[in-house]
Amino acid sequence: MQILEGLNLEQEKAVKHYKGPLLILAGAGSGKTKVLTHRIAYLISEHHVNPWNILALTFTNKAAEEMRERVNRIVGQDANDIWVSTFHSACVKILRRHIDVLGYTRSFTIYDADDQKSLMRDILKYLQLDPKNWKERAVLGAISSAKDELIGPEQYELQAQGNYTKETYARCYQEYEKRLHDSNALDFDDLICKTIQLLKENEDILNYYQNRFRFILVDEYQDTNTAQFHLIRLLAHAQDEDGSVIHNLCVVGDDDQSIYKFRGANIHNILNFENQYPETKIIKLEENYRSTQNILDAANAVIKNNSTRMNKSLWCQNPKGDPIYFTQFQTEYEEAGSIADAISTVVSAGIASYKDFAILYRTNAQSRVLEEKLVLRNIPYRIVGSVNFYQRKEIKDLLAYLRTIENGMDDISVKRIINIPKRGIGLTTIDRITNYALTHGTSFYGALESYEYIDGIGRSASKIASFVSLIDSLKRHMENPEYRLEDLLREIIEETGYVRLLKEENTDQANSRIENIGELLSKIVSYEENCENEPTLSGFLEEVALVADMDNTDENNDIVLLMTLHSAKGLEFPYIYLVGMEDGIFPGYTALHSDNPEELEEERRLCYVGITRAMKKLSLSCAYSRFRNGEQQFNRHSQFIDEIPRYLLKQNGTAGASVSFHEQDTAASLSGGTYATRHSGKPARFSSGQKGAEPNGYRKTNGSGKTLLKDHPMISKGFGKKLTAEPASIDYTVGDRVKHARFGEGTVTGMKEVGSDFQVSVTFDNQMNRKMMASFAKLKKI
DNA sequence: CTCAAGAGCCTTTTT
DNA sequence: GGCTCTTGAG
C-alpha cells in the first residue's frame with residue numbers, strides 16, 4: 001500500500017496509529033512532516049475518517065501550506081476539506097463566526113505589535129505614568145505573558161497585590177483590555193484566549209467543534225504555550241461511537257528544538273504530555289535523513305550538555321562526510337568576506353547553486369556586514385525576517401485607511417492616519433478630540449463626526465470635516481458591489497495624494513516606498529483573484545495581519561538566504577554557515593550572565609537547531625573583534641565550539657568545497673570596498689585604531705549602486721490627477737530586457753492587464769522573480 | 001503646526 | 001552605528 005511505502009518502522013507505527021493520544025518525539029530531520037502528512041492520508045483512506053473531521057495545526061503559514069500541499073498530493077481533492085492552518089488563523093476562523101457572543105462584531109481588527117505599542121503609549125499617558133519609569137515594551141511583555149498563561153486582568157490584579165510594579169501593570173492591563181474591546185480589536189494573544197473563552201462559555205459551540213475535529217494533529221508541539229495547550233485540550237474531546245470520550249490527539253515535537261520559551265512556549269507541555277493523557281502512546285523518531293554522521297555527532301555532543309530533556313539521540317545511515325569547519329577571523333568583515341568568497345567559488349565551480357546556501361546568525365543586526373560582502377561579489381541573496389513587508393510605514397499607513405473604513409472603532413488606525421498625509425491637524429487638536437471621545441464614551445472616529453461640538457477646535461474644524469467626508473465617501477463606495485478592493489485602495493492613494501507626495505520627495509527612500517505601494521496593490525489584486533470565497537475587506541486585512549515575512553521564502557529563486565537561527569527552524573540547506581560563534585553573541589550576553597541556567601540551555605538548543613539545518617557541510621566561524629552598538633568588542637569563541645569533540649572539527653582549514661576560507665579578503669574589506677587583488681599572505685594585523693581604518697564612506701556604497709530612473713515617462717505622467725497608468729507609455733513587452741532601479745537588469749516574462757494598469761513579471765539576472773505593477777515599478781527598456 | 005536636531009534604545013519573535 | 005521618538009525653536 002502506497003501510503004506506507006518508504007517509511008521506517010517507527011514512522012509506520014506513527015502513521016498507522018488510530019485512536020487515542022499519540023506523542024511523536026521527532027528529532028531534527030527525522031521526517032516528521034512526512035509522518036504527519038502520511039498519517040492524515042492513512043486516516044482518510046484506511047480508517048475512512050472524513051477529511052472535514054481532521055484539524056492540523058502548525059505555527060507558520062509556510063508549514064501549513066507545505067502540509068496541505070503534501071497531503072493533497074497523496075489524497076487528492078479530499079484534502080480541501082481538512083482544516084490545515086496555523087493556530088492563529090484557525091482561531092480567527094472560529095471567531096469570525098461566533099465572536100458576537102463575546103461582545104465584538106465580526107469585522108474586528110487584529111492589532112500587531114506596532115499597534116499594541118501605540119495603544120500602550122496612549123494608556124501610559126492616560127494613566128499619567130512617567131514614560132521614564134514605565135516602558136510600553138515591559139508592560140506589554142507582562143500582559144502578553146499573563147495572556148499566555150490565561151490570566152485575565154482581574155486575576156492578575158489579585159496576584160499583584162503588594163507588588164507596586166505589578167499593581168501598576170494590572171491597571172494598564174485593565175485599561176488595555178477595555179480599549180481593545182472598545183476598539184473592536186484583538187491582539188495576537190487574544191486570538192487564542194478569546195477562542196478559549198468562547199468555547200468555555202458556550203457549550204453548544206464547544207460541542208460542535210469537538211465533534212467536528214475528531215482527529216487533531218499538532219506540529220512543533222514543543223513551541224505551544226499554556227493557552228494553546230488549553231485550546232487543544234478543549235478541542236480534543238470527541239465522543240467515540242460507543243459514547244465514551246476519546247482524545248484523538250497526535251502531537252509532534254522535539255524538546256531539543258524548543259527555542260521560543262522567551263515568548264511563552266511551555267516546554268512542560270511536551271514533557272508532561274503523557275501525564276496529561278496517561279493512555280498516551282509514545283513513538284520516537286531518531287533516524288535522521290538529512291545530515292551527515294559528523295554533523296549529527298556534533299549536534300548530539302552539544303545538546304547532551306542540557307539537563308532537562310527527553311532522552312533521544314540522532315543517528316543516520318549517511319556517510320561521515322566532511323568535518324565541521326571552524327575558523328576564527330580577525331574581524332566580522334573578514335568573516336563575511338570569506339564566506340562570500342567561498343560561496344562564489346563553489347557556485348562558479350558548478351558544485352552547488354546559490355539556493356543551497358544559508359548563512360545563520362544569532363541577531364538580525366549581524367546581517368549587515370554579510371549583506372555588504374555579498375553585494376560586493378554580486379551574489380544574489382535575501383534577508384529573511386527583520387522587516388516584514390506589512391510593517392513598513394507606507395504599507396501600515398494605507399492599511400490603516402482600510403482598517404478605518406472596515407472598523408471605525410479602531411482608534412489606533414484612525415489616529416495613525418488623521419494627519420497622514422499632513423492635513424494640519426496637530427497634537428493639541430488630537431488631544432481635544434481624544435478627551436471628547438473619552439468623556440462622551442464614543443470612539444475617536446465618533447468624536448470626529450461630532451467635531452462641531454468639541455470646544456477649542458477652531459481652525460482645525462474644516463480640516464476634520466474634510467477628513468470625515470473622505471472616509472465617509474469611501475465607505476459609501478464600498479456599498480457598491482461593483483467596487484473592488486483594488487479600486488478602493490487606488491482611490492485612497494489618489495485622494496490622499498500619498499504617492500504624489502512621495503514622488504515630490506524624490507529620494508531613494510521615497511521611491512522604494514512608492515514601489516512597496518505598488519506591491520501592496522499587486523497583493524490586493526491577487527487576493528481578489530485567488531480568494532476562495534467572496535473577497536472582502538476584512539478577509540484581506542486578516543490575511544495581511546496573519547502573514548510573516550518568513551512565508552515569502554520562495555524556493556524557486558536561486559539565491560542565498562540570510563536569517564536568524566530562529567527563522568531557520570524547520571528548514572534545511574546543503575551548506576550552512578553559522579557565524580558569530582562567540583561568547584556574548586552566541587550564546588548571547590544575557591543568557592551567558594544570567595543566574596538562570598535555563599537561559600543558557602535555550603541558547604544551546606538554538607545551537608542544536610542551527611547545526612542540524614546542515615545537510616552536507618557546516619562551517620562555523622567567529623571573529624576576534626567585532627563592532628557592536630557602535631563600539632568594538634572582543635569576544636572569546638563560543639563555548640558551544642568547545643562542546644563539539646575535537647576530532648570532528650577542522651580548524652582554520654577549508655570551508656565550503658575545497659575553497660580557502662580565510663585571509664584573502666582582508667585587503668578588500670579594509671580598503672574601502674575596492675576589491676583589490678592583493679592576496680598577501682600577511683595575517684590581518686589587528687590594531688585598536690582600526691575603527692578609524694574603516695573608511696567612513698564604506699557603508700554608503702551599500703545602496704548597491706542604485707541609479708534612479710527619475711525621468712521615466714510613466715512616472716512623470718502617472719500620478720498627478722489620475723492614478724491610472726497609461727498603457728501606451730509602457731514601451732516594453734514580454735521577452736524584452738528591462739532595467740529596474742533596485743533589482744538591476746532582467747527579462748520580462750509576463751504582462752497581465754489589471755484594471756487600467758499592468759502587472760509585469762520579471763526574472764532578474766540574479767534569478768529573482770518579481771511581479772510588480774507597471775505604473776510603480778519604473779522599468780526601463782534596455 | 002512643522003521641521004530638524006538631540007536622546008535613548010539595542011536578543012531572539014513562527015502569529 | 002542606525003533607527004525611532006521626543007523636544008525645542010521657528
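Here the structure is a predicted model, which means the values were calculated and not measured. Just so it is clear: chains get the letters A, B, ... in the order the sequence lines come, proteins before strands, and each one is counted from 1.
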For this session: Among B/dC1, B/dT14, B/dT2, find the nucleotide with the atom closest to the side chain of A/R263.
Result: B/dT14
Problem set entry | Working for salt bridge (Lys or Arg N to Asp or Glu O under 4.0 Å), residues A/E602 and A/K261 | CA-CA 8 Å; A/E602 178 138 328; A/K261 208 179 79 147; 5.2 Å; no
For this session: Specify the glycosidic conformation (syn or anti) of B/dT12, with syn defined as within 90° of 0.
Result: anti
For this session: Look at all strands and tell whether A/F87 reaches a base, only sugar-phosphate, or nothing, counting heavy atoms closer than 4.0 Å.
Result: nothing
Exercise. Between B/dT11, B/dT14, B/dT2, which nucleotide has the shortest distance from any of its atoms to the side chain of A/R362?
Worked result: B/dT11
Exercise. Does the ring center of A/Y260 lie less than 6.0 Å from the ring center of A/H566?
Worked result: yes
For this session: Output yes when at least one side-chain N/O atom of A/T363 is less than 4.0 Å from OP1 or OP2 of B/dC10, else no.
Result: no
Exercise. Mapping A/A591 and A/G424 to their closest nucleotides on DNA chain B, which lands nearer the 5' end?
Worked result: A/G424
For this session: Send over the distance from A/Q391 CD to B/dT14 P, rounded to a whole Å.
Result: 8 Å
Seminar exercise, completed: With the side chain defined as heavy atoms from C-beta on, A/F262 is closest, among B/dT13, B/dT11, B/dC9, to B/dT13
Exercise. Given B/dT12, B/dT14, B/dT2, which nucleotide is nearest the side-chain atoms of A/K422?
Worked result: B/dT2
Problem set entry | Whichever of A/K393 and A/N629 has its nearest DNA chain C nucleotide further upstream toward 5' | A/N629
Exercise. Out of curiosity, A/Q222 CD to A/D254 CG, how far, rounded to the nearest 0.5 Å?
Worked result: 6.0 Å
For this session: Indicate, with a heavy-atom threshold strictly under 4.0 Å, whether A/L191 touches base, sugar-phosphate, or nothing.
Result: nothing
Exercise. Over how many whole Å does the gap from A/N364 atom CG to C/dT4 atom P extend?
Worked result: 14 Å
For this session: Looking at every strand, decide which applies to A/T428 at a 4.0 Å heavy-atom threshold: base, sugar-phosphate, or nothing.
Result: sugar-phosphate
Exercise. What is the nucleic acid contact for A/E603, judged by heavy atoms within less than 4.0 Å: base, sugar-phosphate only, or nothing?
Worked result: base
Problem set entry | Cation over ring face, A/R403 and A/Y111, 6.0 Å, 45° | no
For this session: Give one of base, sugar-phosphate or nothing for A/D112, where a contact means two heavy atoms less than 4.0 Å apart.
Result: nothing
Exercise. Are the charged groups of A/K147 and A/E177 less than 4.0 angstrom apart, N to O?
Worked result: yes
For this session: Using a heavy-atom cut-off of under 4.0 Å over every strand shown, decide if A/T58 touches base, sugar-phosphate, or nothing.
Result: nothing
Exercise. Base, sugar-phosphate, or nothing: which does A/L565 touch, judged by heavy atoms less than 4.0 Å apart?
Worked result: nothing
Problem set entry | Contact nearer the 5' end of DNA chain B, comparing A/T429 with A/A545 | A/T429
Exercise. Are A/K117 and C/dC5 close enough that a side-chain N or O sits under 4.0 Å from OP1 or OP2?
Worked result: no
Seminar exercise, completed: Atom NZ of A/K396 and atom P of C/dT4 are separated, to the nearest Å, by 13 Å
For this session: Give the nucleotide from the list B/dC9, C/dG2, B/dT12 with an atom nearest to the side chain of A/K135.
Result: B/dC9
Problem set entry | A/S460 side-chain proximity, nearest of B/dC1, B/dT11, B/dT13 | B/dC1
Exercise. How would you label the contact of A/T590 with the nucleic acid (heavy atoms, under 4.0 Å): base, sugar-phosphate, or nothing?
Worked result: base
Problem set entry | Non-hydrogen side-chain atoms of A/K569 and A/Q257 separated by less than 4.5 Å | yes
